[in-house]
Peer 1: 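Pasting a structure here, questions to come.
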Amino acid sequence: MASAENAEKRDIETRADCERLVRAFYGKALDDPLIGFIFVDVARLNLDEHVPRITSFWETVLLGARSYGGGAFGPHVHLHAKVRLARAHFDRWLQLWFGTVDELFAGERANLAKVHALRVAQAFHARLQGFPSPGDGAATAGGLVVTQHGR
Ligand code: HEM
Ligand code: HEM
């Protein structure tokens, strides 16, 4: 049953909607105490370049556009080589993304935006375990075994 709040919101319908979502997300993510530094200090993200690309990603996933060329994983390998992208970072990323989607939109595509982000986050986190990161030495020091827990 749709809540009164949801009834006022519409679904994601256009590229402009995707861009609005992406910009609102970065409005939170860049200031976030846990993951903000990764965008600001580590990646030194240029939003003017990044927003169109990530908007195309979501336009491709949600609206069936072919505006995103692929290769989303690569930049995260590069980041992970500088600062470990841990489960807690992905969890926060998802928390901010889900919150932003829910604030602005409601509907099937809004749901898909959350579901697909969850899938990609899980896949990225799992795949990153095969790539080097500064945290590697600490994680294995003293014979500790690092295990992966699925959701
Ligand atoms: C309309 C349907 C879908 C579209 C247009 C779509 C689009 C995309 C795009 C553009 C990427 C990024 C790929 C890259 O950068 O190389 C991606 C990644 C991914 N998608 Fe989807 N997707 C769809 C449905 C699904 C479904 C149904 C699943 C799972 C059941 C799924 C799971 C994933 C996963 C796990 C990744 C990350 C792969 C990786 O590790 O790089 N997607 N998708
Ligand atoms: C810990 C979580 C994450 C962090 C810190 C993070 C950070 C970043 C940063 C800094 C970039 C820009 C890299 C560059 O251009 O130098 C980037 C690119 C990107 N991210 Fe993430 N990301 C995270 C999770 C995700 C998830 C879950 C998704 C998908 C749902 C995603 C999708 C993308 C896409 C599509 C790009 C653009 C890649 C391209 O240039 O084609 N990211 N990310």
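Atoms within each ligand, like the ligands themselves, are counted from 1 in listed order.
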Peer 1: Tell me if the centroids of the rings in F124 and F90 come within less than 6.0 Å of each other.
Peer 2: no
Peer 1: Rounded at 0.5 Å granularity, tell me how far CH2 in W97 sits from NE2 in H116.
Peer 2: 11.5 Å
Peer 1: As an exercise, identify every atom of ligand 1 less than 4.0 angstrom from a heavy atom of R127.
Peer 2: 39 (C), 40 (O), 41 (O)
Peer 1: Out of all atoms in ligand 2, which are within 4.0 Å of some heavy atom of A43? Include the element for each.
Peer 2: 10 (C)
Peer 1: For ligand 2, is any non-hydrogen atom under 4.0 Å from F90's backbone (N, CA, C, O), its side chain (CB onward), both, or neither?
Peer 2: both
Peer 1: Please report which non-hydrogen protein atom sits nearest to atom 1 (C) of ligand 1, along with the residue it belongs to and the distance in Å to one decimal place.
Peer 2: V61 O, 4.1 Å
Peer 1: Starting from atom 18 (C) of ligand 2, find the nearest protein heavy-atom neighbour and note its residue, name and distance.
Peer 2: H50 CE1, 3.3 Å
Peer 1: For ligand 2, which atoms sit closer than 4.0 Å to a heavy atom of P75?
Peer 2: 13 (C), 38 (C)
Peer 1: Does ligand 2 have a heavy atom under 4.0 Å from the side chain of Y68, from its backbone, from both, or from neither?
Peer 2: side chain
Peer 1: Quick one: pull up CZ in R84 and CG in L128 and give me the separation to the nearest 0.5 Å.
Peer 2: 9.0 Å
Peer 1: How far is atom 5 (C) of ligand 2 from its nearest protein heavy atom, and which residue and atom is that?
Peer 2: I38 CG2, 3.7 Å
Peer 1: Kindly state if atom 13 (C) of ligand 1 has a protein heavy atom within a strict 4.0 Å cut-off, that is, under 4.0 Å?
Peer 2: no
Peer 1: Measure from atom 31 (C) of ligand 2 to every heavy atom in R44, R53, H76 and give the option owning the shortest one.
Peer 2: H76
Peer 1: Suppose I only count heavy atoms of A72 and a 4.0 Å limit; which atoms of ligand 1 are within that range?
Peer 2: 14 (C), 15 (O), 16 (O)
Peer 1: Any Lys/Arg nitrogen of D17 or R109 sitting under 4.0 Å from an Asp/Glu carboxylate oxygen of the other?
Peer 2: no
Peer 1: With a 4.5 Å cut-off on side-chain heavy atoms, are P52 and E19 touching?
Peer 2: no
Peer 1: Would you confirm whether D11, through its side chain, and A110, through its main-chain N or O, come within 3.5 Å as a donor-acceptor pair?
Peer 2: yes
Peer 1: Of all the atoms in ligand 2, which lie at a distance below 4.0 Å from a heavy atom belonging to A121?
Peer 2: 27 (C)
Peer 1: Which ligand 1 atoms does V120 reach within 4.0 Å, using its non-hydrogen atoms?
Peer 2: 18 (C), 19 (C), 36 (C)
Peer 1: Give the residue and atom name of whichever protein heavy atom lies nearest to atom 24 (C) of ligand 2, and the separation in Å to one decimal.
Peer 2: W93 NE1, 3.3 Å
Peer 1: Looking only at the aromatic ring of each residue, does the gap between the centers of H50 and F39 stay below 6.0 angstrom?
Peer 2: no
Peer 1: If I apply the N/O under 3.5 Å rule, does R119 come out as touching ligand 1?
Peer 2: no
Peer 1: Might you check, step by step, whether the distance between atom 3 (C) of ligand 1 and some protein heavy atom is under 4.0 Å?
Peer 2: no
Peer 1: Check R66, R20, R15 against E59 for a salt bridge (Lys or Arg N to Asp or Glu O under 4.0 Å) and give me the one that passes.
Peer 2: R15
Peer 1: Nearest 0.5 Å please: distance from the CD1 atom of I12 over to the CG atom of L21.
Peer 2: 5.0 Å
Peer 1: Counting only heavy atoms, which portion of H78 has something under 4.0 Å from ligand 2: side chain, backbone, both, or neither?
Peer 2: neither
Peer 1: Can you check atom 16 (O) of ligand 2: any protein non-hydrogen atom closer than 4.0 Å?
Peer 2: no
Peer 1: Step by step, work out the side-chain contact (heavy atoms from CB on, under 4.5 Å) result for V83 and D41.
Peer 2: CA-CA 11 Å; V83 57; D41 301 320; over 6 Å; no
Peer 1: Just heavy atoms, cut-off under 4.0 Å: does L79 contact ligand 2 by side chain, backbone, both, or neither?
Peer 2: side chain
Peer 1: What about H116: any of its N or O atoms under 3.5 Å from an N or O on ligand 1?
Peer 2: yes
Peer 1: Kindly indicate whether the side chain of K114, heavy atoms from C-beta on, has any atom under 4.5 Å from the side chain of L118.
Peer 2: no
Peer 1: Between L85 and I38, does the side-chain contact (heavy atoms from CB on, under 4.5 Å) criterion hold? Intermediate values first, please.
Peer 2: CA-CA 9 Å; L85 297 185; I38 302 175; 3.9 Å; yes
Peer 1: Write out the residue and atom name of the closest protein heavy atom to atom 7 (C) of ligand 2, then the distance separating them to 0.1 Å.
Peer 2: F39 CE2, 3.3 Å
Peer 1: Among I54, T60, V83, whose heavy atom sits nearest atom 33 (C) of ligand 2?
Peer 2: I54
Peer 1: Distance under 4.0 Å to a non-hydrogen atom of H89: what atoms of ligand 2 satisfy this?
Peer 2: 1 (C)
Peer 1: Students should be able to answer this: which protein heavy-atom is nearest to atom 37 (C) of ligand 1, and at what distance?
Peer 2: A123 CB, 3.9 Å
Peer 1: Classify the contact between L45 and ligand 2 as side chain, backbone, both or neither, using a heavy-atom distance cut-off of under 4.0 Å.
Peer 2: side chain
Peer 1: Any chance you could measure F25, atom CZ, to F98, atom CZ, to the nearest 0.5 Å?
Peer 2: 11.5 Å
Peer 1: Look up atom CG in L62 and atom CG in N111, then write down how far apart they are to the nearest 0.5 Å.
Peer 2: 10.5 Å
Peer 1: Of all the non-hydrogen atoms in the protein, which one sits nearest to atom 11 (C) of ligand 1, and at what distance?
Peer 2: F57 CE1, 3.7 Å
Peer 1: Distance from H89 atom NE2 to L94 atom CG, nearest 0.5 Å?
Peer 2: 13.0 Å
Peer 1: Would you say F124 and ligand 1 have an N/O pair spaced under 3.5 Å apart?
Peer 2: no
Peer 1: For ligand 2, which atoms sit closer than 4.0 Å to a heavy atom of W58?
Peer 2: 30 (C)
Peer 1: Would you say I35 and L96 make side-chain contact, with heavy atoms under 4.5 Å?
Peer 2: yes
